[in-house]
2 protein chains.
Amino acid sequence: MMVLLPRASPAPPPQPPVDECGAAMTTMTPGRELPHPEPDRIRLAEVLHALADPMRMRVVCRLAEAGAELACSEVELPVTKSTSTHHFRVLRESGVIRQAYRGTAKMNALRGEELEALFPGLLAAVLAAADAQAARLGPAED
Amino acid sequence: MMVLLPRASPAPPPQPPVDECGAAMTTMTPGRELPHPEPDRIRLAEVLHALADPMRMRVVCRLAEAGAELACSEVELPVTKSTSTHHFRVLRESGVIRQAYRGTAKMNALRGEELEALFPGLLAAVLAAADAQAARLGPAED
DNA sequence: CCGGTAGTACGGTAAACCTCGTACTACGGT
DNA sequence: ACCGTAGTACGAGGTTTACCGTACTACCGG
């Protein structure tokens with residue numbers, strides 16, 4: 001009864017993904033949906049906090065200028081993959097982006113319309129502000 | 001030679017505020033100017049971070065709806081005075097508000113025009129978003 | 001002159017945050 | 001069937017944050 005595990009796993013949890021609905025989900029959710037906040041659970045403070053980080057702002061700008069879904073790897077950040085994953089999750093959990101698995105990639109899209117309905121003009125103003133600042137300082141600055 | 005000090009001060013520094021210009025400033029700056037960032041040193045990330053806190057957001061909303069300067073004590077927050085001071089400083093250092101001493105009070109005002117020049121529509125959008133959310137949830141909510 | 005009000009500085013705590021490295025899982029192509 | 005690519009979970013380190021309490025300073029009014 002030697003399972004296929006390369007390492008000698010002591011024994012405990014042979015239960016793979018088990019799941020139920022948000023309970024287990026130990027690893028990745030195959031081709032399934034990821035937890036996204038409903039529009040009425042999106043909080044301004046969380047959105048602003050999500051946008052207040054340079055890395056995440058860069059992601060949002062890239063998504064906006066692309067105007068379409070982008071894979072995580074499509075948005076290059078000067079951090080490791082783990083950190084990148086972290087930032088994308090913060091953006092998703094705050095309601096700024098929507099994520100979905102597509103093949104081996106995870107696609108990301110701005111929740112533009114939903115945010116517009118909740119906070120009219122906010123996203124546009126932030127994106128414009130980011131552009132303005134990028135133009136003001138050298139495009140490669142802070 | 002019994003000085004007025006309740007405690008027995010050894011003797012050393014009878015020099016009161018000494019100062020020079022940002023060097024000493026051990027305590028309060030009398031009726032003087034406080035350090036504010038120049039418009040070109042205001043960073044979007046810092047502004048958003050400042051606005052991403054509920055307490056600070058409350059301050060900004062109060063200042064906006066008042067349309068005029070308000071003393072710190074005029075803006076009631078469910079925190080101690082020290083914490084309040086902390087939040088006002090974050091707002092000032094990020095460039096969101098301007099502070100000045102007036103008598104025993106410290107007056108606070110939004111740097112609306114300067115922010116508008118840097119990030120057109122941003123402050124308005126954030127304020128509108130805060131109002132919208134306050135209306136959506138009970139005005140006494142999160 | 002004395003007390004009250006307004007605000008600060010300092011020190012401390014507990015939580016949150018950003019970052020990384022390592023080890024792992026899924027999907028797709030050769 | 002295997003390897004590579006894309007992304008995750010977990011744990012840990014170091015910094016920042018929000019909050020408080022205490023002790024202090026400045027200004028105003030009686």
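Reminder, nothing fancy here: chain letters follow the sequence lines and each chain counts from 1.
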Nucleic acid contacts of residues 68-75 of chain B, taken as heavy-atom distances under 4.0 Å to DNA chain D: none

Nucleotide nearest A:Tyr101 (side chain, heavy atoms from C-beta), chosen from D:dG7, C:dT19, C:dG7: D:dG7

From D:dC28, D:dC20, D:dA6, nucleotide with atom closest to B:Thr104 side chain: D:dC28

Whether A:Arg92 side chain and A:Leu34 backbone form a donor-acceptor pair below 3.5 Å: no

More than 12 heavy atoms of other groups within 6.0 Å of B:Glu76 CD: no

Test item: A:Glu69 side-chain N/O and A:Met107 main-chain N/O as donor-acceptor pair under 3.5 Å: no

Touch class at under 4.0 angstrom, heavy-atom based, for A:His87 against every strand present: sugar-phosphate

Between A:Ser82 and A:Thr85, a side-chain donor and acceptor under 3.5 Å: no

Test item: A:Asn108 side-chain N/O and A:Leu70 main-chain N/O as donor-acceptor pair under 3.5 Å: yes

Base of C:dG21 paired with side chain of A:Ser82 (donor-acceptor, under 3.5 Å): yes

Cluster link B:Val126 to A:Leu118, ILVMFWY, side chain under 4.5 Å: yes

A:Thr85 or B:Ser84, whichever maps to the more 5' nucleotide of DNA chain D: A:Thr85

Proximal nucleotide (of D:dC20, C:dG21, D:dG7) relative to the B:Val79 side chain: D:dC20

Sugar-phosphate only, base, or nothing, as touched by B:Arg102 at under 4.0 Å among non-hydrogen atoms: nothing

Under 4.0 angstrom between B:Thr83 side-chain N/O and D:dA18 OP1 or OP2: no

Sugar-phosphate, base or nothing in reach of A:Arg89, heavy atoms under 4.0 Å: nothing

Whether B:His36 side chain and B:Gly95 backbone form a donor-acceptor pair below 3.5 Å: no

Length of the line joining A:Met57:CE and C:dC18:P, which is rounded to integer Å: 15 Å

D:dC20 phosphate, OP1 or OP2, under 4.0 Å from B:Thr80 side-chain N/O: yes

Side chain of B:Ala105 (C-beta onward), nearest among D:dT17, C:dG7, D:dG7: C:dG7

